[in-house]
Amino acid sequence: IVKAGKRTTWEKFPETVKQRYSRITLLKLSDNDYLLQRAFKLFYIQNDTITWHIPYTEEVLETLQAKDGSFYFFMHHNKGLRKYNSLDAIRTGVYDQLLDNATVTCATEDQNGGLWVTTLGKGVFYTANTNMLVYDQNTGLSSNNVQSITLDQKGGGYIGLQNGEVLYVDDKPNAPTSLTTPSGYL
């Protein structure tokens with residue numbers, strides 16, 4: 001592993017690994033700690049050294065480290081969301097499975113520790129605890145294919161649907177508010 005300023009390159013991976021697999025998922029834990037998924041393995045890198053690695057055959061689209069220290073892995077191919085309570089839980093394979101049969105496209109944590117999750121085909125999910133609030137076509141979305149979310153300071157956020165529509169949702173069971181006109185403009 002070679003550090004060049006703020007960029008990190010992964011020179012110690014075998015050439016066959018670099019050529020065969022192009023997708024890398026990287027989570028920076030601190031200035032010197034990283035989780036990296038590549039080539040069906042998950043690596044924990046500490047101070048430029050691979051501390052441990054495990055087989056990890058599922059494709060991770062993104063990762064998020066929550067304020068409470070837990071880790072969320074957004075899984076590809078309708079594998080949902082995995083919550084690991086610690087690095088050791090990741091290493092030993094102990095996790096809670098959330099949102100089965102969903103492809104998670106984006107997730108973010110709000111200022112109160114609530115988790116907002118967008119999916120392809122299932123809508124938007126919000127949880128501040130074990131009860132999950134769902135925004136989907138049953139609650140007012142025109143499509144369940146949600147691509148993105150950005151949060152505001154009031155406990156809500158703006159979601160972008162795959163069809164181009166932008167809506168506002170909050171952390172209460174209200175219907176989403178469309179910010180897009182029929183012609184597509186705000």
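What you see below is based on every heavy atom in this structure, not just the backbone, and it leaves out hydrogens, waters and symmetry mates.
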- prompt: Should the heavy atoms of other residues, nucleotides or ligands under 6.0 Å from NE2 of His76 be counted, would the total exceed 12?
  reply: yes
message = Hydrophobic clustering (ILVMFWY, side-chain heavy atoms < 4.5 Å, transitive) - are Leu29 and Phe73 grouped together?
response = yes
Looking only at heavy atoms, the pair that brings Gly123 and Leu141 closest together is CA-CD1, 4.0 Å
In terms of heavy-atom contacts, Ala102 and Thr119 come closest through CB-CG2, 4.2 Å
Value for CG (Asn144) from CD (Gln137), rounded to nearest 0.5 Å, stands at 4.0 Å
Nearest heavy-atom approach of Gln46 to Thr51 is CB-OG1, 3.3 Å
(message) Working note: Ile159 + Gln147, criterion side chain to side chain contact (heavy atoms under 4.5 Å, CB included); need CA distance, chi angles, decisive distance, verdict.
(response) CA-CA 8 Å; Ile159 60 172; Gln147 291 292 117; over 6 Å; no
message: Quick check: is Leu64 connected to Leu99 through a chain of hydrophobic side chains (ILVMFWY, heavy atoms under 4.5 Å apart)?
response: yes
Main-chain N/O of Leu120 paired with Thr103 side-chain donor or acceptor, under 3.5 Å: no
For the residue pair Asp33 and Leu87, establish whether any side-chain heavy-atom pair is separated by less than 4.5 Å. no
query: Do side-chain atoms of Asp136 reach the backbone of Asn138 as a donor and acceptor pair under 3.5 angstrom?
result: yes
*asked:* Whether the side chain of Ser148 engages the backbone of Cys106 through a donor-acceptor N/O pair (distance < 3.5 Å, no angle test) should be reported.
replied: no
Using a 3.5 Å distance criterion without hydrogens, assess whether the side chain of Gln162 forms a donor-acceptor pair with backbone atoms of Val146. no
Quiz prompt | Under 3.5 Å: donor-acceptor pair, side chain of Thr118, backbone of Ile149 | solution = no
Rounding to 0.5 Å, atoms CG (Asn47) and CG (Asp31) come to a distance of 10.5 Å
query: Do Thr139 and Val134 have side-chain heavy atoms sitting under 4.5 Å apart?
result: no
- Message: Does the plane of the ring in Tyr126 sit parallel, tilted or perpendicular to the ring in Trp116? Use 30° and 60° as the thresholds.
- Response: tilted
All heavy atoms of His53 vs all of Phe43, minimum pair found to be CB-CD2, 3.4 Å
- Query: Does a side chain donor of either Asp68 or Ser70 reach within less than 3.5 Å of an acceptor in the other side chain?
  - Reply: yes
According to a hydrophobic-cluster definition based on side-chain heavy atoms being under 4.5 Å apart (Ile, Leu, Val, Met, Phe, Trp, Tyr only), do Tyr95 and Ile54 belong together?
yes
Do side-chain atoms of Glu109 reach the backbone of Lys67 as a donor and acceptor pair under 3.5 angstrom?
yes
| message | Looking at Gly114, is its backbone amide N or carbonyl O close enough to the side chain of Asn112 to form a donor-acceptor pair, meaning the two atoms are under 3.5 Å apart? | response | no
Rounding to 0.5 Å, atoms OG1 (Thr127) and CG (Asp171) come to a distance of 11.0 Å
Check: Phe125 and Val104 side chains under 4.5 Å, non-hydrogen atoms:
no
With side chain to side chain contact (heavy atoms under 4.5 Å, CB included) as the test, would you mind laying out the steps for Thr108 and Asp110 before giving the verdict? CA-CA 7 Å; Thr108 189; Asp110 65 25; over 6 Å; no
| message | For a 4.5 angstrom cut-off between non-hydrogen side-chain atoms, does Asn101 reach Lys122? | response | yes
- Query: Going by distance alone, is a donor N or O of one side chain under 3.5 Å from an acceptor N or O of the other, for Glu165 and Ser178?
  - Reply: yes
hydrophobic_cluster_shared for Leu42 and Leu61, side chain cutoff 4.5 Å: no
Linking I/L/V/M/F/W/Y whenever any side-chain heavy atoms sit under 4.5 Å apart, do Val60 and Leu81 land together? no
Only one of Tyr34, Phe71, Trp52 passes ring-ring contact (aromatic ring centres under 6.0 Å, His included) with Tyr44, and that residue is Trp52
Heavy atoms, side chains only, cut-off 4.5 Å: are Leu167 and Val124 in contact?
-> no
Value for CG (Leu36) from OG1 (Thr25), rounded to nearest 0.5 Å, stands at 8.0 Å
Output for pair (Leu26 CG, Glu62 CD), nearest 0.5 Å, gives 10.0 Å
Nearest heavy-atom approach of Val169 to Pro176 is CG1-CB, 3.6 Å
### Query
Side-chain contact, heavy-atom cut-off 4.5 Å: Tyr72 with Leu98?
yes
Closest non-hydrogen atoms of Ser143 and Asn145, given as atom of the first, atom of the second and distance, are OG-N, 3.0 Å
Exercise. Using a 4.5 Å cut-off on heavy atoms from C-beta on, say whether the side chain of Thr63 contacts that of Tyr84.
Key: no
Checklist line | side chain to side chain contact (heavy atoms under 4.5 Å, CB included) assessment of Met75 paired with Glu59 | finding: CA-CA 6 Å; Met75 309 307 291; Glu59 186 176 355; over 6 Å; no
